[in-house]
Every structure is written in C-alpha cells, then in structure tokens.
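Note that ligands are numbered from 1 as they come in the structure, with each ligand's atoms numbered from 1 the same way. Remember, it's a predicted structure, so these values are computed and weren't measured experimentally.
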Amino acid sequence: MTRHLKVDAPIPDSPLDHMAQGVLGKPVSRLEGPLKVTGRATYAAEARPDGLLYGVLVQAAIPAGKVLSIGDAPGALAVIHDPRLIRYAAQGMATEGPTAGPDQVEYMGQAIAVVVAETFEAAQAAAQALQITYEAKDVPVDPEAVEPERPEKKQSATGDLDRAMQDAAHTLDQIWHTPSHTAAAMEPHAAIAEWSGDQLTVRAGYQMLATSREQLADALGIRPDQLRLLAPYVGGGFGSKLGINADSVAAAIAAHQLGRPVQVVMTRQQVFDLAHRRSETRQRIRLACTADGKLTGIGHEALVSNLPGVSFSEPVTQATPFTYQAAHRQIVHAIARIHRSCAGSVRAPGEAVGATVFECAMDELAETADIDPVELRLCNIPDTEPGTNRPFSSHKLAEALREGASRFGWSDRRPTRQRLEGEWYIGMGVASAVRVNSLIESRARVILQADGRAIVETDMTDIGTGSYTILGQIAAETLGLAVDRVEVRLGDSDFPPASGSGGSFGAASSGTSVYLACAEIRSQIAALAGCDEADLTLQNGQVRTGNVSRPLDALLTAELTGDGHLEPGKTEDTVRQATWGSHWAEVAVNRWTGEVRVRRMLGVFACGRVLNEKTARSQCLGGMTFGLGMALTEAMEHDPRDGHIVTRDLAEYHIPCHADVPPLEVHFLSESDTYVGPLHAKGLGELGICGAGAAILNAIHNACGVRVRELPATPDKIIAGLQD
Ligand code: MOS
C-alpha cells in the first residue's frame, strides 16, 4: 500500500515528536562509514566486470568550430566519434539528453571522441597520438565583451530606486566580481557501461538517478526501461553530478560497439573542463537607507555567462527579494553568451555568490551609515515576504544574528584598523546566511521482514552527505527499531525514484517518503495488534498497546511492505520557505605581506528539525570551508584568448586545505517548520556556504581597512589596498 502526501497545508504537530525510539536527530555515525574507510564501498570506477575495456575521452583543442577529421589510433581497439556524444553535461533535473553532435565544438576542452583499448595506458597513448583537424571559428570568451541577454521574466522592479538613491541619507553603489568556480568533487567522474542484449547497466557517479536515467536514455536513443543506473557510493558531487556527463554516454556507446564492458574515467583536468563550472559574476549593488539605517532602496544587478542555448543561468539574486525590506527595488539578471565551458549548478547556485556579495555590501553600508553591521541587518528584517506579503514558513535570521553575536563575542569587535598584534591586524566580520528551501517529489519502499528487521529501498543517493544514515534513522524512529536493525539500500534506479541529492532538498524530501512508507507499515502493525494507530508505541523491537508489550517479530507472520510518496503541494506557494543563519569570522591580516589567516569562524543555522546532528554539522563545516575558499583562494582562471580553464587541477585551483581551516564552530537553533511536511525539516546542505565568505571579507576590512571586491582576496589585492 502506498501512503501518499501532498504538502498542501501546514502540519502543526509532527508525528515524529511522538515516537519512542529517540534516535532521530542523534549524532549517529555514518552507517556506511566502515565500508568506506576499509575500501569495501565500491565507487563508480571500481567494479571489475570480465573483459573490461578502457575508454579515454578526446578533447577539442579549439574554442569553437568544426571537427574535420579525427585520424587513426594504432594500438586502439576503436576511435569512436559518434554523433550521440554530448557536448556538455546535462543540467540537474533535465529530462532530456543535452545537445549532442561532437563535430560542433563550443568550448575548448569539449569531448569530441572516445578512444578504447585493452588498458587505460594504451587508450591514453592512442588518444594523444590522434591527428585531429579542425575548422576553427572566432568566438567571444569574455563576458564583459558581449551584449548580454536580459530575459524579461528574470527582471523585477518596484518603486523608483534612482529616486530612493537620491533621497537617501546614506547610499552605497559598488561593483563586485566573483570568478568561475569548480565543483571539484574528490571522486572524478567515471562510468562503467555493460550491455546484456538490449539492456544496459551503467555504474557512474550520479546525484540524481531518476532524471539521469531519462537523460542517458534520451542521449543514447533507447527507452528508459532498458537502462539501469547504479551509484551506491558517490565521492562528492557539489552539483557536478546532477546530470549525465560525457563519461557515461561514451562508455555506453563504446560498450555497445565493442560488445564488452567499457570504463571511462575522467582525469582531474578533464573534470575541470567537462563538469559544470559556476559562472563568474559581476554584481552591482545599490543600497539606500535612512539616517537610522532603514533600507529604502535595494538594487542587485547580476551579469553571468553560459554557452549559447543553455537554459541554466546562475540565479545570483535568488534570495535578494526576500532577505531585507525596502520599498524601492530593482533586480537585473543579464546573461553573456560566451564560449567558456558549460555553466551549471555548483554548491548552492545563486546565494553562494549572490548572498556573499550582498552581505559585503551591507557591511559597507553599515560603515558609511556608522551603524553596527548586526544592527543594520536586524532593523531591516521583513515581517512577511516583501512584494508578495506571504508569510515566512519560519524565520530565524534575527535569532541567528543575536545568538551568534553573543556566542562569538561580537562586543569585543573594535573599529577598523584598531587592533594590531605584532605584524598582524586583527578583525571581525559578520554576514547573514540565507538559502531557499524546497521539497522534491520522492518515493521509497520499506519492507519490514518477519524477523523484525527493516529494509529501505529508494533510488536516493548518498554523495557523502549522510543519506544512508539519516534515512536509516527515520525508519528506525518510526518503526521503533535500533538503527542496526535497518538496512538502507540506495543508488539503484530499479528502486522507487526519489529526489536525488541536490539543491539541499535531498534529506527532507527522500526522508519524508521513507517516513510515509514507515507510517503505512505502522498502520499495518496496529491492525495486527488490534489497536488504534494512536495507541501504538513501537520501541526497541517491542510493540506496546496500553500496558501490553510484546516483541514485534512475534506479532509478524509475514513481511509487511509500505510505499511512501511525497509530493510538494500548495505550501510551495502559500509561504516563503527558506533557511536562515549567521556567519562570523575573525581574521589576522599581515601588514607587510597581505596574507590573511582566518583565526576562527562560527556559523549559527536554523533548518527546521536537525535529522542527524553529526552529519548536519559536517555539512555546515564543509559549507563554511567553501566560504573560506571563495573569500581567499578559489578561482577558475580562463585564458583570455580562448576561454580555456587555466587552473584546472587541485595544485593550481586553490581550495582550503587543513592548515588553512581554523577551528570552526557550528550552532543549530532549535526550530520546527510546519509547512514542509511531517518531518518539519528543511534542507541544510548548502546553507553553510551562503554568506560565509562575506563574514571573512568583512573581517578583513575591519582588520586592515581594505575592501576587496574582486574575489578572491589574495595577498596582492590586500597589499595594493594597504598601500592606498
Ligand atoms: Mo547542488 S549544486 O544542487 O548539487
């Protein structure tokens, strides 16, 4: 039986608050952790089917134009230049394969062919020996050098911002630039494809199986039911595995042609070229406020880029309309069509860069208006969503700011450049954290075996975030079992389709479907026990009704099955759903070298119910570390001549490593959001990055008086500022 729920109304009382097991929310360690640390969790490239062949992707050496000939590769079994090879990765949740036709090159590094051999080394040598001829075309690669598109439905304006700017007591009008960012997941993209008759199995790194299956079937010209995807363990995605990429398409075509299983693994440099980048942005922020800091005008104009014809564009201003109140507003979204690699979702698309820049602007306005940055934020928090007047589903920004200020010791903050310790200026910064929240349709099946053990099956993925553990906890809590009595099976497209992992929606969406499946089983148990469901208590494998208690396995004569089906409903529209928080950073800036050392950070977050305190905290630690990278080191540099990515390995693309990351503290505010289904849980995965970099950049200014608006704030930029 399927228990279906469409979230059309708030659920004031969460059934999970009345369960007896007491395991939900607890810091349970990852159920699959031992498998991972002992090498028994097999990632995409680690299966070894008999007769496995190795494919290496061949990449275009021109920024745009036509492939005329590919040439031969002695030593290779095949050089495959199939028209179905895709030009760039599919966007998350797309249901069609991305544009195919590798003859048409759209960016330097595009996959144009795959060379297959008996060994990886032979395939790589053969690929390098190919004599490829092209007809190259001149194309724009600089987003500032083209006239951008301004899609009508992405612009919005209320009141008269220019007028508000003229009339205001204090204003700010500045431009920021953020560079392209990579997802750079630890596990490179990889696929192993194997045919059996007209049935294809692909093991690969995917975040979302259900839509990836549709994309891959469409790209190959087969039916989705001919295709099974397996991704039980995924070494990180960060957006880059939301949709299919060249590896799985090439492996599937090659395996079909050669009649043997084929593996295609991207090198790290290929991952940089072929996985989506986060678009670089140019952001102009205008702010106007009264003498006491009430915002009267907000302007946020974003320029992003992507390849011609690609629908995704970085939603930079996503949270701007509802974060702060102001009567006069203008939001501009412009897209430069250029030939850098394909842009897509990367680590909190939108707010990661949009809120970060906006929160830097708020800090500048606070300085201009001589108002404490925390106070400026507090006095501009709206009661309802500006423009629409919709209520917020829950709203903890003010509490996050107040709680953070007290925990971090904000009252010790000194005016700019007033704290010098040896050769280091010390400063503190703050920023608000905000991220939109959504639920995505999800299904799950739970089987309660006659021996009282439960099995959870859903095509949900665990990309390192803790899905196995959280879903196990939800089932254990609802069925009254110890966590080790629940087996969670994920990452197989034969299982009921779930949200997948993306957009912070995975845990709450797939978790709700698992809860619903278990709730269905609870009804069946109540029927067996001959009692009302309301009178049923399930705990430690015992069934309790009134004062009678008996073992669950004694009650069960056969296995029970429950299916859960969650659909988002009216609460998507009736309320504004978001998660909130605050970021705090203390930095030291070297007065001679411009080096920045982050000394400590605090993040205070509210995401509704916390499903697992340990995995939730880890998500936030990761996000805050991304913020540190965004502020200080991360930049995907494009060659100005051809748009090609110059910093395309982890030696040149600088992400923070251990010595860069100081003690990070995470504090969760207790919260319950009734509009997001029975769990009362919202998405948390990406909140930790949204605004984190701004706290650091604002702390740099407080330390040494330098504003860096061209991210990242590398020492050369700080020194230049110090000399002014
Ligand atoms: Mo996320 S960038 O939707 O994986």
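Looking at atom 3 (O) of ligand 1, its nearest protein heavy atom turns out to be Gly503 N, 2.6 Å. Nearest protein heavy-atom contact of atom 2 (S) of ligand 1 is Arg347 N, 3.1 Å. Of all protein heavy atoms, the one closest to atom 1 (Mo) of ligand 1 is Glu686 OE2, 3.4 Å. Considering only non-hydrogen protein atoms, atom 4 (O) of ligand 1 sits nearest to Gln207 NE2, 2.8 Å.
Under the 4.0 Å criterion applied to side-chain N and carboxylate O atoms, Glu634 and Arg278 are not assigned as salt-bridge partners. Salt-bridge formation is not detected for the pair Arg268/Asp649: no Lys NZ or Arg NE/NH1/NH2 atom is positioned less than 4.0 Å from an Asp or Glu carboxylate oxygen.
Remark: the Glu280 side chain and the His177 side chain contain no N/O donor-acceptor pair separated by less than 3.5 Å.
With a heavy-atom cut-off of 4.0 Å, Pro349 touches ligand 1 through its side chain alone.
By the 30° and 60° cut-offs, the orientation of the rings of Phe392 relative to Trp580 is perpendicular. In this structure, Phe626 and Phe238 have perpendicular ring planes: the angle between them is above 60°, well past the 30° mark.
Those atoms of ligand 1 that come under 4.0 Å of a heavy atom in Ser345, given as number and element, are 2 (S). Residue contact check: Phe238 has heavy atoms under 4.0 Å from atoms 2 (S), 4 (O) of ligand 1. Near Val346, with a cut-off below 4.0 Å to any heavy atom, the atoms of ligand 1 are 2 (S).
Between Gly239 and ligand 1, at least one N/O pair is under 3.5 Å apart.
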Can I get a per-line list of side-chain donor-acceptor pairs under 3.5 Å for residues 686-693, giving both atom names and the distance, sequence neighbours left out?
from   : atom 1 : to     : atom 2 : distance (Å)
Glu686 : OE1    : Arg435 : NE     : 3.1
Glu686 : OE1    : Arg435 : NH2    : 2.8
Glu686 : OE1    : Ser504 : N      : 3.3
Glu686 : OE1    : Ser504 : OG     : 2.8
Glu686 : OE2    : Ala348 : N      : 2.9

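Taking Ser394 as the reference, Glu671, Asp673, Lys682 meet the side-chain contact (heavy atoms from CB on, under 4.5 Å) condition, with sequence neighbours excluded.
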